[in-house]
Amino acid sequence: MARTAVRPRRGGGIRRGEARAGWLFVAPSVVITLVFLVIPIALALWVSFSDWNGFQSPLNPRVNFVGLENYAAITVDDGLDQQNFGTAVRNNLYYVLFVVPLQTIIALLLAVQVNRAALRGRGFFRTAFYFPSVTSTVAIVIVFQFLFTASGAVNAVIGAFGIDGPDWFNDSTGLFHGFLSLFGITQPSGLLAEPGFLGISGWEWLAGPSVAMSSLIMLAIFTTSGTFMLLFLAALQSIGAEIDEASLMDGAGPVRKFFSITVPMLRPTLFTVLTLGLIGSWQVFDQIYVLGGTSAGGTISTPAFLAYRSSFVDLEWGQGAAIAFILFLFIIVLTLLQRWALAERGPRKRKASSSSKPAETSTADKAAAGAAFTVDGGLR
Amino acid sequence: MRTSQWSAAALAAGLVVTLAACAPADEGGEVQTGQELTMLIGSSGDAETTAVQAAADAWADETGNSVEVIAASDLVQQLGQGFSGNNPPDLFYMPWDQFQTYAAQGFLEPYAEDLANAGDFLPALRDQFSYDGQFYCAPKDFSTLGLQINTDAWEAAGLTDADVPTDWDQLATVAAALTTDDQVGLSMGREYARVGVFMNQAGGTLVDGDAITADSAENAEGLAYLQGLIEAGSLKFPQELEAGWGGEAFGLGKAAMVIEGPWINGAMRNDFPDRKFISVELPAGPGGPSTFAFSNCWGMPIDSETRDATLNLIEFLTSDEQQLAFAEAFGVIPSTESGSAAYAEQFPENAAFVAGVASAASPVAFQGAAAAIADFNTQLEQIGSAEPSSLLTPLQDNLQAAFDEANG
């Protein structure tokens with residue numbers, strides 16, 4: 001005992017040098033984290049506050065600190081930069097609103113189907129559904145380009161039903177605008193026509209995803225549902241057969257069982273899927289890049305793509321970095337919101353609210369809880 | 001004492017090294033040897049890459065240097081990467097639409113006046129690659145826009161050589177005559193780089209001296225003329241014809257006439273070898289004839305360590321002889337007066353492109369204009385339905401803002 005007491009001071013004994021060894025063991029990952037994560041992020045933060053034009057190092061003496069100028073240019077100063085950013089945020093917002101719920105529902109349904117013991121060729125279906133996830137997005141975009149041309153396979157199929165399909169990837173008509181035009185509303189009136197938040201008029205905010213963006217939404221659902229199906233499948237297989245039997249004894253039918261047993265039991269996974277989906281769809285880039293990003297009237301541009309374009313093409317590196325940081329903050333704020341939402345609800349309260357209003361629980365709430373869960377559960 | 005001794009010694013040593021480095025270059029303009037140059041090109045295809053590599057190798061063998069030619073998959077992005085990483089290529093293609101931005105940001109070495117053949121380049125190209133009154137970089141070659149006519153479709157429509165359009169009315173007439181159920185009379189890219197020539201032909205410009213004049217009546221007239229063609233059904237854009245660009249629509253036989261540059265020759269040879277066509281000068285508008293000239297220049301990064309060797313290489317690459325070899329290999333037009341004249345003689349079928357240089361304007365490309373033009377290109381998607389003024393007003397505002405920023 002006496003030796004134990006003096007050990008820290010002397011630094012001897014069997015545990016001598018433990019701290020040093022510890023540092024030695026973590027050194028590789030610390031170095032990698034520093035070089036590839038911490039330093040680049042710090043540098044990007046500096047660039048977003050500077051007038052660096054992409055020439056030589058961002059730390060060279062000709063680069064000046066410009067305060068919030070870059071952030072102002074894309075958020076409050078009227079002009080093209082602000083409009084481009086506003087349009088990109090609008091596009092991405094609709095992308096998220098459609099992709100996240102749809103991919104989650106489809107992934108869940110697929111998982112439930114391939115989990116059924118009675119299904120023949122389960123292995124085949126699991127592989128088939130998961131296949132798009134292991135294929136490069138770029139390859140899938142190119143295939144989709146062929147499928148969705150004006151005379152492509154998709155239009156041929158819907159043409160068989162007498163519908164004249166659009167020129168998918170080049171059509172900039174917003175879905176909601178298209179819907180309104182059915183009632184003869186094609187022009188905004190009053191306040192909606194005025195430039196509003198981020199330089200975009202209310203009418204444009206309400207445009208909905210363009211037809212081109214809708215094709216990308218379908219593409220995203222197609223590629224990511226398989227991944228999330230796998231997560232659901234793992235969770236489904238951990239639900240014991242005795243619970244199924246118990247619900248059967250209680251007289252629950254398949255629909256009741258799904259909503260009252262399966263979905264609540266999958267709640268943790270559901271949270272994970274929603275959070276991952278939310279983050280992933282706010283960062284969508286590669287599909288847009290392959291399609292050129294500026295086609296379809298700018299309706300497929302996203303903040304992530306705009307950050308790239310401002311930096312590399314327009315040499316506005318500060319603005320590009322500012323966009324990236326706004327996106328980063330946005331995702332962080334969403335996650336914090338989620339943590340807060342979970343902290344509000346104790347386990348009992350959560351159960352009560354989930355059974356009283358399962359349908360109304362908003363995406364944000366679910367995702368919020370999801371993020372918190374993943375943080376607490378250490379999944380991510 | 002010690003310190004000053006040491007610095008004196010260092011200074012002396014430095015001077016010796018500097019003088020030694022200067023010496024060979026000063027002796028009768030001998031070229032440096034043993035340099036390893038990198039060259040970044042935005043290649044149109046294998047033919048171009050091979051030809052540029054061959055030319056670079058020829059120079060390298062002659063002068064005892066080596067040149068590594070890198071064909072970029074995305075030239076602008078890779079250039080940006082090179083400059084931000086403080087490791088730009090020694091020589092690169094500088095696209096016309098980015099030149100002003102790069103020059104204004106101080107990325108480029110203004111070497112062009114030091115070239116032995118600095119006075120040989122066509123004046124229009126010299127202007128295009130001047131910034132702030134200084135001739136920056138040597139034009140690599142150039143292209144102008146011409147009107148391509150599918151001769152089979154032409155004859156099928158009962159048109160003769162006398163019908164080749166020379167003004168807007170004739171263009172509208174033949175475009176209507178050539179339009180059939182599965183072929184449109186005229187097509188071109190839906191972008192400023194094509195539509196803009198009609199605005200110029202109507203007598204308009206985007207920038208007049210120090211004033212932005214994008215929303216002028218002339219520009220609106222140019223757009224209105226195109227809208228007339230669209231309404232008549234004789235003009236459709238490649239997107240509506242399921243083609244990636246005008247040349248593809250032309251090759252597929254979906255458009256009987258297109259407005260493209262000499263690059264269409266190579267594209268037709270490779271992808272649509274059976275397509276028979278001629279290239280003629282663009283018809284003139286009410287404001288006279290006008291076309292666009294596009295060119296890349298040989299960019300050199302500022303304070304290049306390999307300046308002398310690179311300068312020598314550029315002289316070699318822009319010599320008439322070498323440019324004509326490039327012309328033969330991948331269909332570009334030499335950027336010098338004598339070279340382009342020789343080209344017109346050697347390739348009479350492309351004489352129209354050379355003739356166009358007399359009325360050629362450079363597309364607007366001052367610093368920051370690219371974003372405004374990109375926005376205009378997206379606005380052009382509404383060209384079929386929108387009022388010309390509603391397309392030109394935002395362009396005016398955006399160009400004005402960019403212009404103020406570039407000059408403010």
Side-chain angles (χ1 to χ4, degrees), chain A residues 43 47 51-60 62-63 73 77-84 87 145-146 148-152 155 166-173 186 195 199 210 212 289-290 292-301 306 308-317 319-320, chain B residues 74-88 95 97-98 100-102 104-108 190-191 237-244 252 254 301-303 367-383 385-386 394-395 397-402 404-405:
Chain A
L43 215 56
V47 167
D51 63 354
W52 186 53
N53 61 6
F55 185 52
Q56 297 182 338
S57 151
L59 298 174
N60 80 55
R62 299 187 312 158
V63 177
D77 295 348
D78 291 342
L80 199 56
D81 297 328
Q82 184 205 31
Q83 279 171 33
N84 285 340
T87 313
Q145 269 184 308
F146 286 112
F148 281 86
T149 53
S151 65
N155 277 357
D167 183 6
W168 296 88
F169 281 118
N170 290 310
D171 197 328
S172 60
T173 323
T186 54
S210 69
Y289 177 75
V290 173
T294 50
S295 58
T299 56
I300 59 168
S301 161
L306 196 64
Y308 157 79
R309 195 181 155 76
S310 310
S311 306
F312 283 98
V313 181
D314 300 333
L315 298 181
E316 298 275 5
W317 292 82
Q319 273 182 27
Chain B
D74 187 336
L75 178 68
V76 176
Q77 184 209 320
Q78 281 171 257
L79 268 184
Q81 257 170 2
F83 275 103
S84 57
N86 208 2
N87 187 25
D97 57 341
Q98 292 285 330
Q100 299 274 346
T101 305
Y102 271 66
Q105 298 284 353
F107 286 25
L108 298 180
R190 188 172 54 197
E191 52 182 323
F237 296 104
Q239 288 91 339
E240 302 163 86
L241 300 170
E242 289 166 48
L252 291 169
K254 290 178 178 174
I302 189 128
D303 298 332
Q367 188 197 0
I373 296 295
D375 185 62
F376 180 60
N377 287 342
T378 55
Q379 301 287 331
L380 277 179
E381 291 189 13
Q382 329 281 301
I383 190 175
S385 56
L395 178 63
D397 295 345
N398 294 330
L399 276 179
Q400 187 72 55
D404 291 344
E405 198 170 316

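Because only heavy atoms are used, hydrogens play no part in the values below, and waters and symmetry mates are left out as well, while side chains stay in. The sequence lines fix the lettering, A, B, ..., with proteins before strands; numbering per chain opens at 1.
Interface remark: B:Q77 contributes backbone and side-chain atoms alike to the contact with chain A (heavy atom separation under 4.5 Å). Looking at B:Q239, both its backbone and its side chain come within 4.5 Å of chain A, counting heavy atoms on both sides. Contact of B:Q98 with chain A is made through the side chain alone, with heavy-atom distances under 4.5 Å. Looking at B:N87, there are no atoms closer than 4.5 Å to chain A (heavy atoms on both sides), in backbone or side chain. For chain B, the nearby part of A:Y308 is the side chain; its heavy atoms alone come within less than 4.5 Å. If you measure heavy-atom distances from B:A374 to chain A, the contacts under 4.5 Å come from the side chain alone. Only the side chain of B:Q382 comes within contact range of chain A, with at least one heavy atom under 4.5 Å from a heavy atom of that chain. The part of A:R309 that comes within reach of chain B is its side chain, from C-beta onward, which places non-hydrogen atoms under 4.5 angstrom from that chain.
The CG atom of B:D375 lies 8.5 Å from the OG1 atom of A:T87; values are rounded to the nearest 0.5 Å. In this structure, the separation between CG on A:N155 and CD on B:E242 is 8.5 Å, given to the nearest 0.5 Å. To the nearest 0.5 Å, the span separating CG on B:N398 from CG on A:L80 amounts to 4.0 Å.
Shortest non-hydrogen contact noted between B:V76 and A:V313 is CG1-CA, 4.1 Å. Contact detail for B:G80 and A:W317: the closest heavy-atom pair is O-CZ2, 4.2 Å.
Exactly one residue among B:F83, B:F107, B:Y102 makes a side chain to side chain contact (heavy atoms under 4.5 Å, CB included) with A:N53. That residue is B:F107.
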